[in-house]
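Could you have a look at this structure, given as structure tokens, before my questions?
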Number of protein chains: 4
Amino acid sequence: MSQSTSKKRLSREDSQAQTRARLSETAQQLFVENGYGGTSIRDIAERAGYSQGAFYSNFASKEELLLSLLRGHMEAEAVQLSSLMDSEGRTPEQILTELESWAATLNHDADWCMLSIELQLHANRSPVFATEFQAVWDAHRAGLGRVVGKLFATVKRQPPEDPEELAAAFMALTHGLALQRVGKGPDSSGRLIVLFLRGLIAAAAPLE
Amino acid sequence: MSQSTSKKRLSREDSQAQTRARLSETAQQLFVENGYGGTSIRDIAERAGYSQGAFYSNFASKEELLLSLLRGHMEAEAVQLSSLMDSEGRTPEQILTELESWAATLNHDADWCMLSIELQLHANRSPVFATEFQAVWDAHRAGLGRVVGKLFATVKRQPPEDPEELAAAFMALTHGLALQRVGKGPDSSGRLIVLFLRGLIAAAAPLE
Amino acid sequence: MSQSTSKKRLSREDSQAQTRARLSETAQQLFVENGYGGTSIRDIAERAGYSQGAFYSNFASKEELLLSLLRGHMEAEAVQLSSLMDSEGRTPEQILTELESWAATLNHDADWCMLSIELQLHANRSPVFATEFQAVWDAHRAGLGRVVGKLFATVKRQPPEDPEELAAAFMALTHGLALQRVGKGPDSSGRLIVLFLRGLIAAAAPLE
Amino acid sequence: MSQSTSKKRLSREDSQAQTRARLSETAQQLFVENGYGGTSIRDIAERAGYSQGAFYSNFASKEELLLSLLRGHMEAEAVQLSSLMDSEGRTPEQILTELESWAATLNHDADWCMLSIELQLHANRSPVFATEFQAVWDAHRAGLGRVVGKLFATVKRQPPEDPEELAAAFMALTHGLALQRVGKGPDSSGRLIVLFLRGLIAAAAPLE
DNA sequence: TATGAATGAGTATTCATTCAT
DNA sequence: AATGAATGAATACTCATTCAT
């Protein structure tokens, strides 16, 4: 009578999904605030309003939780990249505008960016984590690289570097700026990426 | 009897300075390897070959040691920046080459760069540390900003952005790339900075 | 409708009996491998292929399960002892051979023996358990004591000790040897018991 | 001035030795009472009147403490065995009496015996521990084996079994009886060992 | 100045057990 | 009857820090 679509009672699955989601969310906040190493499972559970045991009913370990966040990260970014790529026949100006708003969106929630830094730092320390991380990272880099390559093709100029390397540089710029910015002013990485890209195009040799 | 200027026996002061130096050095390595939070005072003391007590004879706390490293950081960078600035009458090409080698030097010891990231992360967490850190950071940013401004002046172009902001962007790029690179290939931040700068110059309006 | 005597579907009772049997069996293995204290209910349930809840549907607690194993133990041993006792008119040689094969059987499944040790250890710690354990133990000791007494009567010699004490000593020997033997060579307790018994007989005074 | 032989102040070494000794002693009691697995480091430290950290200043882990107890065990037993062996020209009766008092002494402190069982159980579970344990065990077995061999030589009889195997059987008997006896009556293992030995001698063939 | 034993709060993780489904 | 998410206390062990030597 009272379960299924009711708002009061959640089915067991939904209830666990909720617990898991709340723990994930809280963990993400805390990783950004205090770093991965500086965040204890007790902190996460307490702040999310659960027992420590509840954490272990949902995640096998702290690292597994980080991996789970990484996967969420990956999915969100894949969505954004595909919207940068899939529609045809845009002008270079349109592509640049979209790139700028891509960076802005990514970082409007500055937390995403700091989390990304925590992920990178942890990948540098845990080989297990590094393996999964690398895959996500490479995919992302390749996706953004294709956008950059497409931009140069549209303006009929030769990219002065492997577009993937340029993409990696833009990601690095974004992360480095997030590190500087924490809690301070607004994010300028979108604007700077566009500025740099315009410069590269201006200095690039025409195709052929 | 046997101390003072002898080479065998160090004066008490020198001996303490040596202890302090060895602890600092070891701490820096460990912060880079394992992060600030991931490094214990016991680790530092043990790896440096001292007791934990020796650590507390030289530093009031772990954070005080980090501040001490920050000051060393600052001095080293001030030296490098001043050598970028002080000689007159260079061609734009020379300035770019020097900028490239500046980035290369800074990161040839990639450790410096990762330590810088640890410093930034910790500044985001400890207000006490943040204050001291900000001063150092601002000075550095201003110094590098002047170099960038000088470059645009030399080529008689209008910088497309406050030179200090560009300087911050290059530092961000350098840090972001260091994060990506750990343990992997060689550093490419110098090359990329020069590439971006050439682009900006190519796209910049002439002065007046 | 479709259960009762069918072979495909077990009646609800049979199905629960099966669950209980599988949990018991698995628990016994694990107690032997890791000790009573070293075995968690989760381990038992998981290895048996059930949930933790299923455990609590069948046993009130871990100790209750141990008691259940103890009762199984008791029944099995009672069967073996009665087969040592019930047939009349055997020669001493036959009795000794049977004793040897009793020990061998008991320990061929060395697990029985290690479980017995775990039971004893736990009885030393839990008064509740000790009470039930004592009853089983005493019955077993009396039964084996009668076998020993019968042997001395058959050879018309005076036992040099209360036959029950001798029986307890043989059980102790068996357990002590099991403890030494774990995972190693074959069990020699049967042979040693016979060796010692022959000695006692050789040294014993004739009756009257 | 005031340290060294003073009773009030212990030197740092002595003070640590005392801490270590108290922790060892307490641990031994608790291992006997609750088993190795059933004893927590918190229990040990609390009962001994120290912090948990003090435990880790003295022992690297719980297992290392067990190894330390094992070594103490070994030394104590070596002393007892050598006193069984070294004086010449004893009658068989004297040797038997000494064997009886050996068993009695060993177990007068019944704790030793239960500890020995805990050691054996743990050796069956931890390969690291097993290695060290085996060495001690083998030495002990060989020592007691020599005593048994000497006894048969003295009475000019052929031992019906490798004396070392007989020795192992007596140790097993002692341990098995300790398991039965906990908290109950007095130890009878010395008496039983002598009884069995007399029997073996009575049944043994004369030397050549 | 340097030592390192000791502290007490903290770490990640596992436990037996409960209870809504 | 069986499930498994959740609990809260316990586990072994590490931490930064103190202080008598």
Side-chain angles (χ1 to χ4, degrees), chain A residues 2-3 9-20 37-45 49-63 65, chain B residues 12-13 15-16 19-20 37-46 50-63, chain C residues 10 12-13 15-20 37-46 50-63, chain D residues 2-3 9-20 37-45 49-63:
Chain A
S2 61
Q3 78 279 47
R9 293 214 183 267
L10 296 167
S11 79
R12 223 194 306 190
E13 276 163 36
D14 289 350
S15 157
Q16 187 180 18
Q18 192 184 67
T19 303
R20 200 182 154 93
T39 300
S40 74
I41 282 163
R42 183 180 308 193
D43 290 345
I44 299 170
Y50 293 92
S51 67
Q52 294 187 63
F55 178 95
Y56 285 97
S57 290
N58 283 279
F59 303 97
S61 67
K62 206 167 101 167
E63 190 161 76
L65 159 61
Chain B
R12 218 184 297 197
E13 278 161 35
S15 158
Q16 188 178 11
T19 302
R20 200 181 152 92
T39 300
S40 74
I41 283 167
R42 185 180 307 194
D43 289 345
I44 298 170
E46 232 158 60
Y50 293 92
S51 67
Q52 295 187 66
F55 179 95
Y56 285 96
S57 293
N58 283 278
F59 303 96
S61 68
K62 209 166 91 163
E63 189 163 75
Chain C
L10 295 167
R12 215 183 299 199
E13 278 162 36
S15 157
Q16 188 177 12
Q18 193 185 63
T19 304
R20 200 181 154 91
T39 300
S40 74
I41 283 167
R42 182 177 310 192
D43 289 345
I44 298 169
E46 232 158 60
Y50 292 92
S51 67
Q52 294 185 64
F55 179 95
Y56 285 97
S57 292
N58 283 278
F59 302 96
S61 68
K62 208 165 91 163
E63 187 161 77
Chain D
S2 62
Q3 78 280 52
R9 292 212 183 269
L10 296 166
S11 79
R12 223 194 304 189
E13 277 163 36
D14 289 349
S15 158
Q16 187 180 16
Q18 193 184 66
T19 303
R20 199 182 156 94
T39 300
S40 74
I41 282 163
R42 184 180 307 196
D43 290 346
I44 298 170
Y50 292 92
S51 67
Q52 293 187 63
F55 178 93
Y56 285 98
S57 290
N58 283 280
F59 303 96
S61 67
K62 205 166 102 168
E63 189 162 77

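Labels below follow one simple rule: chain letters A, B, ... track the order of the sequence lines, proteins then strands, and each chain is numbered from 1. This one's a predicted model, so the numbers in the text were calculated from it and none came from an experiment.
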Ile44(A) side chain near Leu65(A) side chain, heavy-atom distance below 4.5 Å = yes
ask   = Would you write out the dot-bracket form of DNA chain E, 5' to 3', with Watson-Crick and G-U pairs under 3.5 Å, [ ] for crossing pairs, | for pairs to other strands and . for unpaired bases?
value = .||||||||||||||||||||
query = Nearest heavy-atom pair of Tyr50(A) and Ala54(A): which atoms, and what distance?
reply = CB-CB, 3.7 Å
Over all atoms of both residues, closest heavy-atom pair of Ser57(D) and Gln16(D) = O-NE2, 3.5 Å
Non-neighbouring partners of Glu63(D) that pass side-chain hydrogen bond (donor to acceptor under 3.5 Å, both in side chains), sequence neighbours left out = His122(D), Ser126(D)
message = Run the ring-ring contact (aromatic ring centres under 6.0 Å, His included) test against Phe59(D) and tell me which residues pass, sequence neighbours left out.
response = Phe55(D)
ask   = Under 4.0 Å between a side-chain N/O of Asn58(D) and OP1 or OP2 of dA6(E), yes or no?
value = yes
ask   = What are the two closest non-hydrogen atoms of Ala45(D) and Ser51(D), and how far apart are they?
value = CB-O, 3.5 Å
ask   = Where the side chain of Ser51(B) is concerned, which of dA1(F), dT3(E), dT7(F) is the nearest nucleotide?
value = dT3(E)
query = Starting at the 5' end of DNA chain F and moving along, which residue's nearest nucleotide shows up first, Ala54(A) or Tyr50(C)?
reply = Tyr50(C)
remark   = For Ser40(D), the side-chain hydrogen bond (donor to acceptor under 3.5 Å, both in side chains) test, sequence neighbours excluded, returns Asp43(D)
message = From CZ of Phe59(B) over to C1' of dT1(E), roughly how many Å is that when rounded to an integer?
response = 14 Å
request  = Determine, for nucleotides 12-19 of chain F in 5'-to-3' order, which nucleotides have protein heavy atoms under 4.0 Å from the base (write B), from only the sugar-phosphate (write S), or from neither (write -).
outcome  = SBBBSBB-
query = To the nearest Å, how far apart are Ile44(A) CD1 and dT13(E) C1'?
reply = 13 Å
query = Are OP1 or OP2 of dA6(E) and a side-chain N or O of Thr19(D) less than 4.0 angstrom apart?
reply = yes
key: Short side-chain N/O contact to dA5(F) OP1/OP2 from Gln16(A), under 4.0 Å   = yes
remark   = For Lys62(D) and Thr39(D) the tightest heavy-atom approach is NZ-O, 2.8 Å
